[in-house]
Protein chains: 2
Amino acid sequence: MRPTQQRLALAKLLFAGHDRHVTAELLHGEALSAGASLSLATVYNTLNQFMQAGLLRQVIVDGARIHFDTNTGDHHHFYLEGEDRLIDIPGRDVRIDGLPKAPAGTEIQRVDVVVRLKGR
Amino acid sequence: MRPTQQRLALAKLLFAGHDRHVTAELLHGEALSAGASLSLATVYNTLNQFMQAGLLRQVIVDGARIHFDTNTGDHHHFYLEGEDRLIDIPGRDVRIDGLPKAPAGTEIQRVDVVVRLKGR
DNA sequence: CTGTGTGCAAACTCTTTGCATAAGT
DNA sequence: ACTTATGCAAAGAGTTTGCACACAG
């Protein structure tokens, strides 16, 4: 994977600080605002490449959009429906009991917990 | 909501037996096979109406498709990635401990657990 | 005859793909 | 030059919407 201008710009936005949750469109907007010049398609491709490289993870909460998460470790999410926003829940603290064992011929790949929040 | 032919055909397929998980496209196919005559758009509209009526619930696991679940009670899901198939996990049996409390100004609407399975 | 509600063609949104172009050897 | 990889326009997949038509009162 070559360190092109587009990829560097996105990497910088994604990994510069703390963990982030972004959608392709949001990141595209940020990149443009930061002066970079790339298309939304390139953002998607880059996000998928970063994902394959293990730098990023998808979070499915919304059906309409895919969210990408720079935190690839074991954790879960609060999802604020109104604002379409994600907040990490550290995986260490959470314990899930009473799950049936995986059906024959399958094995568990991951357990995702999504706590859906409603603004009050 | 009028009991039109289209709605009756779909209701019959959805609620005739045990609980089901369907996508719009799958249900459309079944309806056509059963001799009904309706468009995919109508299936979507009808599913959304059933949902508003509280007869159905959406399950978001895939990002590409929306799954509809005739089981509206408290429960969770196994998701078989390869086959794009859902299996219910009764909510009674599952206990989740250690979740942080909801951020100020928000309240928990629902907690969804998805156990992602990989065929072996 | 009038008004409410229905079903579907067409539109829309998000994401992926095919290909001309660019970069490296 | 030749090969591999890149970025984006255009296509694809899933879902929603606007509107002509049907049905009930």
Side-chain angles (χ1 to χ4, degrees), chain A residues 1-14 21-69 79 81-86, chain B residues 1-14 20-53 55-69 79 81-86:
Chain A
M1 186 153 63
R2 276 187 238 156
T4 63
Q5 217 177 72
Q6 285 86 343
R7 287 217 257 264
L8 285 172
L10 295 179
K12 204 167 158 185
L13 289 168
L14 286 170
H21 300 104
V22 298
T23 59
E25 200 162 353
L26 178 76
L27 189 62
H28 184 224
E30 287 187 10
L32 293 185
S33 296
S37 163
L38 38 51
S39 78
L40 184 55
T42 297
V43 174
Y44 273 106
N45 288 340
T46 304
L47 286 171
N48 283 326
Q49 285 155 2
F50 284 176
M51 217 176 56
Q52 271 194 297
L55 299 169
L56 237 44
R57 181 210 258 210
Q58 283 189 235
V59 184
I60 308 291
V61 281
D62 171 321
R65 270 175 227 315
I66 295 178
H67 291 252
F68 292 85
D69 189 344
Y79 178 55
E81 310 234 277
E83 307 178 37
D84 192 37
R85 204 155 63 81
L86 288 165
Chain B
M1 186 152 62
R2 276 186 237 157
T4 63
Q5 219 176 73
Q6 286 86 342
R7 289 217 257 263
L8 285 173
L10 295 180
K12 206 167 158 186
L13 289 169
L14 286 171
R20 300 202 58 191
H21 300 104
V22 298
T23 59
E25 199 162 354
L26 178 76
L27 188 62
H28 184 225
E30 287 187 12
L32 294 184
S33 296
S37 166
L38 40 49
S39 78
L40 184 55
T42 298
V43 174
Y44 273 106
N45 288 340
T46 305
L47 286 172
N48 283 325
Q49 285 154 4
F50 284 176
M51 216 176 53
Q52 271 194 296
L55 299 169
L56 235 45
R57 180 211 260 210
Q58 283 189 242
V59 185
I60 308 290
V61 279
D62 172 320
R65 268 178 230 318
I66 295 177
H67 291 251
F68 293 85
D69 188 346
Y79 178 56
E81 310 234 276
E83 306 179 37
D84 194 38
R85 203 156 64 82
L86 287 165

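In this text, all values refer to a predicted model and were calculated from it rather than measured experimentally. Note that these values count all heavy atoms, side chains included, but never hydrogens, waters or copies made by symmetry. Chain naming here is simple, since letters A, B, ... match the order of the sequence lines and numbering starts at 1 in each.
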Quiz item: Looking at residues at least two apart in the chain, or sitting in another chain, which of them share a side chain to side chain contact (heavy atoms under 4.5 Å, CB included) with Ala31(B)?
Solution: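 In terms of side chain to side chain contact (heavy atoms under 4.5 Å, CB included), with neighbours along the sequence ignored, Ala31(B) is linked to Leu10(B), Leu13(B), Ala36(B), Leu38(B).
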Self-check item: Short side-chain to backbone donor-acceptor contact, Arg7(A) and Thr46(A), under 3.5 Å
Solution: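 Such a contact is absent between Arg7(A) side chain and Thr46(A) backbone.
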Quiz item: In chain order, what residues pass the salt bridge (charged side-chain N to carboxylate O under 4.0 Å, His left out) check against Arg57(A), with sequence neighbours excluded?
Solution: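 So Arg57(A) forms no salt bridge (charged side-chain N to carboxylate O under 4.0 Å, His left out) with any residue.
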Exercise. Might you work through the side chain to side chain contact (heavy atoms under 4.5 Å, CB included) test for Val61(B) and His67(B), ending with a clear yes or no?
Key: CA-CA 8 Å; Val61(B) 279; His67(B) 291 251; 4.0 Å; yes
Quiz item: What's the spacing between Ser39(B) OG and Gln6(B) CD if we round to 0.5 Å?
Solution: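 If I round to the nearest 0.5 Å, the distance is 8.5 Å.
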Quiz item: Atom OG1 of Thr23(A) and atom CZ of Arg85(A): how far apart are they, to the nearest 0.5 Å?
Solution: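 Going from the OG1 atom of Thr23(A) to the CZ atom of Arg85(A) covers 13.5 Å.
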Nucleotide [N], atom [atom2] - distance to [atom1] of [X] in whole Å:
X        : N       : atom1 : atom2 : answer
Leu32(B) : dC8(C)  : CG    : P     : 10 Å
Ile60(A) : dC14(C) : CD1   : P     : 14 Å
Arg7(A)  : dG7(D)  : CZ    : C1'   : 10 Å
His28(A) : dC14(C) : NE2   : P     : 13 Å
Gln5(A)  : dG7(D)  : CD    : C1'   : 12 Å
Leu47(B) : dC8(C)  : CG    : C1'   : 15 Å
Leu10(A) : dC8(D)  : CG    : P     : 10 Å
Asp84(A) : dT13(C) : CG    : C1'   : 14 Å

Exercise. Report the C-alpha distance between Leu14(B) and Leu47(B) in whole Å, list the side-chain angles of each, state the deciding distance to 0.1 Å, and finish with yes or no for side chain to side chain contact (heavy atoms under 4.5 Å, CB included).
Key: CA-CA 10 Å; Leu14(B) 286 171; Leu47(B) 286 172; 4.1 Å; yes
With 3.5 Å as the limit, what N/O pairs link the protein to nucleotides 13-17 of chain D?
from, atom 1, to, atom 2, distance (Å)
dG14(D), OP1, Arg65(B), NH1, 2.3
dG14(D), OP1, Arg65(B), NH2, 3.3
dG14(D), O3', Ala64(B), O, 3.1
dT15(D), OP1, Ile66(B), N, 2.6
dT15(D), OP2, Tyr44(B), OH, 2.0
dT15(D), O5', Tyr44(B), OH, 3.1
dT16(D), OP2, Asn48(B), ND2, 3.2

Practice problem: Would you please name every residue forming a ring pair (Phe, Tyr, Trp, His ring centres under 6.0 Å) with His21(A), sequence neighbours left out? | Solution: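 Partners of His21(A) by the ring pair (Phe, Tyr, Trp, His ring centres under 6.0 Å) criterion, ordered by chain and then number, come out as His77(A).
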Self-check item: With Asp62(A) via side chain to side chain donor-acceptor pair (under 3.5 Å) - residues at least two apart
Solution: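 Result, side chain to side chain donor-acceptor pair (under 3.5 Å) vs Asp62(A): Tyr79(A).
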Quiz prompt | nucleotides 19-25 of chain D: protein proximity per nucleotide (B base, S sugar-phosphate only, - neither; heavy atom, under 4.0 Å) | solution = ----S--
Self-check item: Distance below 4.0 Å between Thr4(A) side-chain N/O and dA23(C) OP1 or OP2
Solution: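 Checking Thr4(A) against dA23(C): no side-chain N or O falls below 4.0 Å of OP1 or OP2.
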